[in-house]
Amino acid sequence: MNAIDHLDLDGHLLALLLAVHEEGSVTRAAQRLDLTQSAVSHGLDRLRAIVGHPLFVKSGRGIAPTAQADLLAGRARRLLDELRGFSLAAGFEPARLQACITVAANDLQRDLLLPRLLRRLRSQAPGLTLRVMDSGAPEPATLREQACQLILTPRPPEGADLMQKRLFEDAYRVFYDPACRAAPQGLADYLAAEHVSVLYAPRRTLAVDDWLAAQGVARSIVATVPGMAGLGAMLRGSAWLATAPSLLAQGALASLASVAPPLATPPLPMYAVWHLRHQEDPVHRWLRAALAAEVEAALAAAINAQDSGGEPRS
């Protein structure tokens, strides 16, 4: 008779399962959990004994989850949420928090907000870790299946069970390398140039690209990259242009010059999106409050950089 049963399952094993499932590596999971590799391997052995099925198999240099592990990972997230709510029922104290929060973001939101947010969160909750995943073109399932707790995006997924808050609004600029070309002068010059843009998987274009196409503005696109971070390398040393959010001048497109588009483009709003289940969660409310504070600080820093000449413009 098997001496191991469901009562041997605890929150530590659930967190271990999620870490290995998300990292695809025992080594990276051990680093994330601040454990030894042997401790993680031993935990996986315990999990396999409890569930009665293999959970991970070797795949190349890493490991891949079995169908059973994929199923259990979703249940583990829900159970951990319930355990966290149970432990915080008497009052949330960030200093006592031991958790990993996953935020989905693309280059702009990631570079502008998340380093500042992590410093704020860790100053209050030293036991917290942050996992950042690429949001791409976010889908409701990302939140419904609890792949992350928060999405930062200009295009919020829709659903009656999804909540959102408008964080800020950016404007588009036309970026270029001033060492290789002058600023485009008017619409004709803009259209005569060659352009680089972003294409998210599977084939999701930028909102500004969709808007320009709807206006009948046909540009010559010489290359697309999978994220905003790839634009800078393409533009530097070339005469190409990229129409992108102005705040990228504080990160991925720093050192490039920019000019206002030759026609009025729509504003670019940015949203935080989360699932209804987290609306009253004290940890999530704390997270959202910290994010709101850091949005104000990040925008103020960007304005100061522009005023002091930190952003090359023309």
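Just so it is clear, the model here is predicted, and its values are computed rather than measured.
- Residues Leu55 and Gln68 approach most closely at CD2-CG, 4.2 Å, considering heavy atoms.
- Around atom CZ of Arg285, no more than 12 heavy atoms belonging to other residues, nucleotides or ligands sit under 6.0 Å away.
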Next on the checklist: Could you walk me through whether Arg288 and His284 satisfy the side-chain hydrogen bond (donor to acceptor under 3.5 Å, both in side chains) test, starting with their C-alpha distance in whole Å, then the side-chain angles of each, then the deciding distance to 0.1 Å, before giving a yes or no?
Outcome noted: CA-CA 6 Å; Arg288 299 195 306 265; His284 208 279; 2.8 Å; yes
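- Between the side chain of Asp177 and the backbone N or O of Arg236 there is no donor-acceptor pair closer than 3.5 Å.
- Minimum heavy-atom separation, Val273 to Leu162: CG1-CB, 4.4 Å.
- Across Thr102 and Cys148, no two heavy atoms sit closer than the pair O-CB, 3.4 Å.
- Nearest approach of Leu114 to Ala105, heavy atoms of both residues: CD1-CB, 4.1 Å.
- Between Glu169 and Arg166, at least one side-chain nitrogen of the basic residue sits less than 4.0 Å from a carboxylate oxygen of the acidic one, meeting the salt-bridge criterion.
- Enclosure of atom CD in Glu145 is not indicated, since only 12 or fewer non-hydrogen atoms of other residues, nucleotides or ligands lie within 6.0 angstrom.
- Taking every heavy atom of both residues into account, His53 and Arg48 meet most closely at O-CG, 3.4 Å.
- Looking at Asp161, its side chain never comes within 3.5 Å of a backbone N or O of Leu276 through a donor-acceptor pair.
- With a 6.0 Å radius and a threshold of 12 heavy atoms from other residues, nucleotides or ligands, Glu296 has its CD atom at or below the threshold.
- Between Glu22 and Arg77, at least one side-chain N (NZ, or NE/NH1/NH2) sits under 4.0 Å from a carboxylate O, which counts as a salt bridge.
- Inspection of the Gln149 and Trp274 side chains reveals no N or O donor paired with an N or O acceptor under 3.5 Å.
- Side-chain N or O atoms of Arg120 include none that pairs as donor or acceptor with a backbone N or O of Glu294 at under 3.5 Å.
- Ser238 contributes a side-chain N or O that, together with a main-chain N or O of Met234, makes up a donor-acceptor pair within less than 3.5 Å.
- The pair Arg155-Asp210 counts as a salt bridge, with a side-chain nitrogen and a carboxylate oxygen less than 4.0 angstrom apart.
- Remark: the backbone N or O of Tyr190 is paired with a side-chain donor or acceptor of His195 at under 3.5 angstrom.
- In this structure a side-chain-to-backbone donor-acceptor pair under 3.5 Å is present from Arg181 to Ala239.
- Under a 4.0 Å N-O distance rule, the pair Asp209/Arg219 qualifies as a salt bridge.
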